[in-house]
Amino acid sequence: MSNIRDLAQYSPGGIEEKWYKAWEADGLFAPDETLPGEPFVITLPPPNVTGILHMGHCLGNSIQDTLIRWARMKGRPALWVPGTDHASIATEQVVSRKMAEEGLNKREAGREAFLERAWDWKELTHGRISQQIRRLGCSLDWDREAFTMDEQRNRAVIEAFVRLKEKGLIYRDVYLVNWCPHDLTAISDDEVEHKEVEGSLWYMRYPFAEGEGHVTVATTRPETLFGDTAVAVHPEDPERKHLIGKMVKLPFTDRIIPIIGDHHADPEKGTGFVKITPAHDPNDFEVGRRNNLEQVICMTPSAVMNEKAGRFEGLERYECREAVVKALEEEGLLEKIEKHVHQVGHHDRCGHVIEPYLSKQWFLKMDELAQPAVKAVEDGEITLFPERWVGVYHNWMRNIRDWCISRQLWWGHRIPVWYCAECDHDMAGSEAPLRCAACGCENLKQDEDVLDTWFSSWLWTFSPLGWPEKTPDLQKYHPTTVMVTAADIIFFWVARMVMASYEFLGEKPFGEVLFTGIVRDEQGRKMSKSLGNSPDPIDLIDEFGADALRCSLVMLTPTGADILFSDATLEVGRNFCNKIFQATKLVLGVWDEAGLQIPSDRPAPPRTLDLGEVGTAQQWDAEPAACLARLWAGVFGGDLPVPVQDEDLTLEDRWILGRLLQAAADSDANMEKRRLNDAAYEVFNFFRHDFCDWYLEAVKPRFRDQEMRGVALCVAQLNLALSYKLLHPVMPFITEELWSALPASQGYLMTSSYPTSSVAAPFAAERETFSAVQEIVGVVRNLRNELGVQPGKRGTAILRPADQQGLDNLLGCAGLVALLAKMEEVQVVTGGDDPSPAGVGVAGQVEVFLPMKGLVDLDKERARLEKELAKLEGWMKGCRAKLGNEKFVSNAPDHVVQQQKDLLAENEGKAATLRERLAALSD
RNA sequence: GGGCGAUUAGCUCAGCUGGCUAGAGCGCUCGCCUCACACGCGAGAGGUCACUGGUUCGAGUCCAGUAUCGCCCACCA
């Protein structure tokens, strides 16, 4: 970026595309198999090909890319496998809707035509989605891209189905399933969303078949009475058990049904009598099985009453409900109506009320599959983060129910089962069999239905790696390292992936699961397409840049909590990008003026960078120049462009190097702990506050000095370079761009080293001195502001340390204090009378005077001092009480006690100064 | 009905193993276009850490309970 000095502000436009293309063209997204480290592998949770990506995807993808880039830089073969999900029912709905908009009907068009449309749609959305992912900067290995319904994945699905069927875990049964009358398909338990609904409880009378009287049953669904085949009472119900065996007449029909005894009936609930509708209620279905009751279906698949409803035939279920209630009332069979709030199941995809419906479906037995999956999490073989999800996971696993895997849809993996037209024998396989294995006839027909979309997703850690073939990828990269996903699909997906991997490969699918929060808008609503409150990430990237978006998302994402998202949060990231840019601009400008030369034939820097090998704290302290040279070689390769002696390294140089190495170590430690937000914040704060606000301000005079600037430039450039390295996983584009602009850099930042460290940061003494300087500068600035000194007015500040050691430390810092506090002169004195009139403050053990030549408003100054003194005294009172408490002194660790003593002494000194000052002012 | 989470400055949230005179960003107030940056710099104001008890020398941090909000699970009498 030769024009870096010409740009007023950082602008990501163009830069992002440029680098993404370059990375891809140079093959940097593929795992570098020459690296010795342990592979780091993620399979991207495949987005649905239903539309475009939303903010939730951006969050998850940013986190994954951050992890992958970090691991890659640390020298591990890093593989991130892209893919998309066919999303059976969701896509089918979208495509049907599109067709409806054109006046077409899915069923009239037919299966083939519909599938053609669906594939077209898939092509379109896939293109859009992969474009979005690229814009975000995700370093996915596109050569390994997979689609849950492509040929390879189809083979995997069929293989899985056939194996499970042969094992006897897949069975077909007539069962009461969750049926969506809108989409006309069965769905799994997990796709049912329970919502609270204000309904009513209707008390209906069923007259005895013989004689007078009736029983009263309470129901929330009067329309299902046409499916009733019994009334149940508890077998030990003393009030009612004598009625068992009697018959009652079902209103509006000519049927009579028995009163039976079944423990499902609760004497305490309702009237104690329960109508039993085996074909329309899950409990009643069980009761019916236990008691061999007839199953009477009284609705069509669309939830319209059928011929069993007599004169109510043809009414939609809710119309029928009203009509039945009215009719009951007219006939005196309605005893009462109560308001009743209850949970009603809705289809999570279309929102329609689920109808429990009797139909023949394929199921997968789950309890056996769940065993190893439970054990893996119990044993810590797989860790879930945040940990609280472990309980949720186990609770589901231990109460697992069989999975209904067939769907009455077209878009999906067609169930690989063929039925014999003669004997109804069924055969599973990857291809159509020639003849029936049972009777030999050749009239075979494939199942019309498709598999639940999650039946392909649950293979996702290994199907993209080539399973069922034993590919090299599968051997090298499975189990994967980490799965990053939102917790709302822990059952649909995460739990099932664990089961599938143990079942088919005998090993875990991943070592850890990282649950992200849900992205919400400013009102706290979940961002969703239906609400229309999710911005198009492309628009945000256009406006703020991908780095800004990623940076804001990662910094805002605490450990798995939901995050509120708004444009304001993006400004943080954008502004930070500009800050990095500006700091670089300053350093490069000075570099150019200095005309320092970097030899072009220097060696390349090593692929890994262990800061501990560069120097321990002791080595840095003893021979800083040598350590600096090693750090330079580790980051840039080759030698420092200027000779550096130990004494060339100033206080601020040593301080910033110490802080830099500390930030690097902390940042990596936080990445290891998956506290990405802390890692990002660490560098953010280091760069913005330590490096820009203090270091760059402190070295500006040296930057203007021909003799001095060489060393400062080297230190500054190292700080920039290491900051880029630390920030690259989160903000890949701007860091790559600025890295390439550094005179000393070589190669791609993306595949350069990420610093690691296990040693303490150096320059402890210098860091202490510098923070004393910071405190003094703070006090001077505060005095200037509080006393209303004009900004342009540079006066004299007088520092009076408490002791000789303080004096020695400070003598060399006077210039630095003057520079940073914008004073003409800073004097360091011992003893003597207080300068007066002057503003007074205390920084640690140092008294700070700002002589004001009669300009001070005495009342204002007194008030200021009193306020400060009061605050101090309040604290000291508490502290003395603590130190006076024998138990504290004997029980608390020594360093804590000592720390309190030191603080007290310091504050007592401060208070004394303030009191003296107050007394002087009162004279 | 069962379970989980949240409750800290006006707003959004950090605060990981108890030692904090409780932090950040945004917003607000005051002063600055200081030769990298107004997407900026400097200085401030602002909090009984939801409530009640307990453990402890010491609790925002641990325990018990209460309240409010949110989420998940559960067979819709």
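In what follows, every chain begins at residue 1, and chains take the letters A, B, ... in the order their sequences are listed. Just the heavy atoms: all of them, side chains too, but no hydrogens, waters or symmetry mates, feed the values below.
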How is [X] classified with respect to the nucleic acid when contacts are heavy atoms under 4.0 Å: base, sugar-phosphate, or nothing?
X         : value
Lys579(A) : base
Asn907(A) : base
Asn578(A) : base
Lys673(A) : base
Cys879(A) : nothing
Arg794(A) : nothing
Lys275(A) : nothing

Which comes earlier along RNA chain B counting from the 5' end, the contact point of His342(A) or that of Trp875(A), where each point is its nearest nucleotide?
Trp875(A)

So which one's nearest nucleotide on RNA chain B is more toward 5', Arg781(A) or Val344(A)?
Arg781(A)

For RNA chain B, determine which residues of residues 279-291 of chain A have any heavy atom closer than 4.0 angstrom to one of its atoms, and list them numerically.
Asn283(A)

Please state whether the phosphate of A74(B), meaning OP1 or OP2, lies under 4.0 angstrom from any side-chain nitrogen or oxygen of Arg401(A).
yes

Would you kindly give the CG-to-P distance between Leu570(A) and C39(B), to the nearest whole Å?
16 Å

Taking CE from Met555(A) and P from U12(B), how many angstroms apart are they, rounded to a whole number?
18 Å

Could you tell me whether [X] and [Y] have a side-chain N and a carboxylate O separated by less than 4.0 Å?
X         : Y         : answer
Glu868(A) : Arg864(A) : yes
Arg794(A) : Glu824(A) : no
Arg781(A) : Glu786(A) : no

Which of these nucleotides, [options], is closest to any side-chain atom of [X]?
X         : options                : value
Cys692(A) : A36(B), G19(B), C76(B) : A36(B)
Arg675(A) : C76(B), A14(B), U34(B) : A14(B)
Phe491(A) : A43(B), U34(B), C73(B) : C73(B)

Distance col, row His264(A):NE2 vs Asp266(A):CG, nearest 0.5 angstrom, shows 9.0 Å

For C16(B), the nucleotide meeting Watson-Crick or G-U wobble distances (both under 3.5 Å) is none

Cation-pi check for Phe576(A) against Arg688(A): NZ or CZ below 6.0 Å from the six-membered ring centre and within 45 degrees of the axis, yes or no?
no

Step by step, would you call Lys822(A) with Glu697(A) a salt bridge (charged side-chain N to carboxylate O under 4.0 Å, His left out)?
CA-CA 11 Å; Lys822(A) 299 210 183 306; Glu697(A) 291 306 321; 5.4 Å; no

